[in-house]
Visitor: 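Below you'll find the structure I mean.
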Amino acid sequence: MATTELILANRPFAVEYFTDVMMPDGIFDTALYLQRITAFMRNTSGRDLVDVTIWLEAVADPGIVPQAFTHTFATIRAGAAVRVSWVADFRNGSPGKPLVSIMAQEAGHVPARSLRHIFVSRTTYDEPTRTFTVEVPEGSLKVWDLKAYGSKSDAWKPRCDPDDKDRRDDGLGPWLPASFQSAWTPNPAYTGTHGDLPFEDPWWKVLGWIVFAVASIVGVILAATSGGTAYVGVKGKFDETGTVDPAIDCCEPDYKGVAKETGLDKGKITGAAVASVIATVGLAVGLADDADPWWRGQEATSPAAGVLTTAERVAVTLTYLDPPNAGKPYRVRADWRYERITSAGNSAHAVDEVRENTHVSDGVTVTAKSPINGFSEPLRVRARFLRKGGKPYRGIALYAFALVVSPDATLAVVVPLTDDGMAPDAKPEDGVYSGAIHLETIYPVLRKRNAPFEGRWKVLVFAQDVNLADPGDPPEIQAQTIGGYVIASPITITFDPTLPCPITAQATIDVVT
Amino acid sequence: MCALLIRDGEPNWWNSPDIWAVPGNDPNGSPGQPTVGQPAYVWGRVRNEGRSELANVQIRFHWSNPATGVLRSNSTLIGSSFATIPPGPGSSVEVLCLTPWQPAGVNDGHVCLIAEALHPADPLPQPPPDAFSPPIYDQVAQRNINLLPATAGMMRMMAIQIAAPPRLGRVSLVSIVRDSKGLDDETVRNLGLGKRRFVADLPIEAGLLDHPEFDCRNYQPIERLKRETPAGSIGAIHLALRVEKIDPDAYGVLDVVERDAETDELVGGATYVVIAAEG
């Protein structure tokens, strides 16, 4: 029997369970207990594959506990890459690069096994010192004095239950990183100019991004789950910077209710988390993709032969010259100071420069047939995301989804968008990301609340880029490719409080019966 | 109908051809004998002899000290994996235990491996019995076959665990049985024996001891030993083995078999494949 020709096409990346956002560079962090191991499986056979099953065989770290699930596909078109995911509990995971094994089998064929490493960090928070620590195999990064610009609008505050004495008063964000102090302790101390990159891949700045992202998303999850600690491992937060200049504002998504079926307001949660990712990525932009402060500081302070580097400090202050909106070439001024601590003394290097976001796009076009009969046809969404210069993103380049919002804005549903040739997507790798939902499946929920089914539904489309670095490249080359940046979003961050509400649905669909 | 199957060995059920180890850092490497302190990966092969696909079968892999009867209470979980197995005779999936395992220093890394496949459609009793009992449960199998490199003229000593389940003491008769047929091709391959040939009359002097200390000058090998083990306790007997002469391309096989002294029921066994030590 021939072997199934369906292989893993990317490093599996982390999608947070409650918010559906991809974590910075797809790295899993044990502070967020439930995450989806998400991957693209590509048909390399040159023909359509028929009757295919895909399952997660195992994760090498026994502390990471996946839920068993088998995906089934009637057909996978030639050349297509389908998106699959599995929920896993990471709370007892260890920092490292455990292997994951994904199996794929076409009926009548031998199963194919794909092995690939995932990246797992561990973020913890020490309350007395208000210090976050991110651990990876190559060392640990302590981050303290986190300051962020917060929204000056009350719109993003969670609903409070006056009888709940333990409720959090913190807003849902978004939190725009303003400044922080950090210290990287390599494991072990090293000689020479450069230390080992975290996971032998991303820049150290990605760990800083993880801290801000985890702290932001934890706030969202805690608000969504009424402050329970069943789902998160840290409860640290930011100091809101006293100099609220510029003050940022962000319109609250116009959702009033809570999805009673799940206890979560999916729209608000996902929207808030995406806004957080958009905001926190400002840190990554300011600290540059081609070489981050740690690498550049190491280059500028090369020690003598045999001298051991025992720690590296970086202090960063960020100033946003433009609102940090997804896909836009906004500018961030980064004022950072690097200090190398060695067995022969310390040396420092400082930079004050303006960086521009290079994860830009020429926007997104969303089409959806309207009107539709909500009981007899699905609601279909098609989105086309354009790179700078107009070429479309295709296939596995993006992790994309839509939020479909009910007419009275009390319910939002996540619809995956994929360019894989699976219905409703017409053709794989053609640059059109499609998804569909049969609205009659949520009709009972709306009916229970006396909420309207007919009316104008809104479609909000989000996309983050996927890290497709070649694992065979040298680490410092792989490090220049970073995934998880939001390149399309209906949420606009503005520094101008006089502007109207900047959340704009990219499509609307009139549903009739 | 019972559907899940991990095959027992023939003629000795504890030599399952459906469990093997791959020493080293590459799980896709060649099968062989694990080395103490070095990582190894464990594989299992599971069949679905039913009529329906079985999705999300959980396969758990355990290791135990070499023992003639292996219990859950004295085994250690290595890791677990999932598999979806289509139906039909001959339909099987090779399952990798992705958690790397490092054999401990006891007994030069000789261990017993156990694999069990779990699925609601073909369940084990709940709670599961302490004894794995592969001959009773098709979805459980054991691999208790180890390579024993020997230098001509030198004595080797191996500890073999004898255990009694909680609340049930046991009187065991342990004996050495010399194999006259050799191993099947699949087992030869899984052990990494290469092109070695089986020699039935390999000049092996083997005996069982209650204690590892003995007087070499007055040693008389005993091939049969009676041992009483209190309920819930673990003891050990020792296999002392010396090969007069062995060619590099030859192997011999010895089984150490435990029977219940009162019922003559076969409790289990361990198989040793004697080969010439390198160097």
Side-chain angles (χ1 to χ4, degrees), chain A residues 1-4 6-8 12 37 41 49-74 84-89 92-94 96-118 120 137, chain B residues 4 18 20 22 24-29 39-48 51-63 75-102 115-123:
Chain A
M1 268 198 304
T3 300
T4 302
L6 191 65
I7 60 167
L8 182 56
I37 300 172
M41 300 293 291
L49 297 179
V50 177
D51 195 9
V52 179
T53 51
I54 304 173
W55 67 93
L56 179 71
E57 182 177 50
V59 181
D61 181 349
I64 298 170
V65 183
Q67 291 180 12
F69 185 80
T70 298
H71 295 271
T72 56
F73 297 90
V84 289
S85 68
W86 294 271
V87 179
D89 191 327
N92 294 316
S94 299
K97 289 169 58 173
L99 281 171
V100 297
S101 172
I102 298 176
M103 300 289 288
Q105 184 173 25
E106 184 186 16
H109 289 70
V110 175
R113 175 175 287 103
S114 292
L115 294 176
R116 195 81 178 250
H117 292 281
I118 59 172
V120 180
Chain B
L4 290 168
D18 281 346
W20 64 97
V22 171
N25 288 313
D26 179 7
N28 292 312
Y41 289 92
V42 182
W43 288 77
R45 185 182 294 111
V46 186
R47 287 170 166 72
N48 175 4
R51 289 191 200 136
S52 306
E53 179 185 83
L54 289 179
N56 309 318
V57 177
Q58 185 185 35
I59 298 91
R60 292 160 59 92
F61 298 85
H62 310 257
W63 72 268
S75 298
T76 303
L77 179 70
I78 300 172
S80 66
S81 302
F82 295 106
T84 292
I85 310 173
S91 170
S92 66
V93 173
E94 294 186 352
V95 182
L96 167 63
C97 178
L98 200 53
T99 305
W101 161 60
Q102 281 209 2
E116 52 180 354
L118 309 172
H119 192 274
D122 192 5

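In the text below, chain A, chain B and the rest are named by the order of the sequence lines, each starting its count at 1. Only heavy atoms go into these numbers, but all of them, side chains included; no hydrogens, no water, no symmetry mates.
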Visitor: Against chain B, label Ile54(A) side chain, backbone, both or neither, depending on which of its atoms sit under 4.5 Å from a heavy atom there.
Guide: neither
Visitor: Are the side chain of Thr4(A) and the backbone N or O of Glu106(A) linked by a donor-acceptor pair below 3.5 Å?
Guide: yes
Visitor: Between CD of Glu53(B) and CD1 of Ile85(B), what distance do you get to the nearest 0.5 Å?
Guide: 9.5 Å
Visitor: Taking side chain as everything from C-beta outward and backbone as N, CA, C, O, which of these in Leu56(A) sits under 4.5 Å from a heavy atom of chain B? Side chain, backbone, both or neither.
Guide: backbone
Visitor: Examine whether an atom of Val100(A) lies under 4.5 Å from a heavy atom of chain B, and if so say whether it belongs to the side chain, the backbone or both; otherwise answer neither.
Guide: backbone
Visitor: Is a side-chain donor-acceptor pair under 3.5 Å present for Asn48(B) with Ser91(B)?
Guide: no
Visitor: Side chain, backbone, both or neither: which part of Pro98(A) has a heavy atom under 4.5 Å from chain B?
Guide: neither
Visitor: With a 3.5 Å cut-off and no angle check, do the side chains of Thr84(B) and Thr53(A) form a donor-acceptor pair?
Guide: no
Visitor: Using heavy-atom distances under 4.5 Å, tell me whether Val57(B) contacts chain A through its side chain, its backbone, both, or neither.
Guide: neither
Visitor: Which one wins on heavy-atom pair count under 4.5 Å against chain A: Ile78(B), Asn28(B), Ile59(B), Val95(B)?
Guide: Val95(B)
Visitor: With a sphere of 6.0 Å drawn around CG of Asn25(B), does it hold more than 12 non-hydrogen atoms of other residues, nucleotides or ligands?
Guide: no
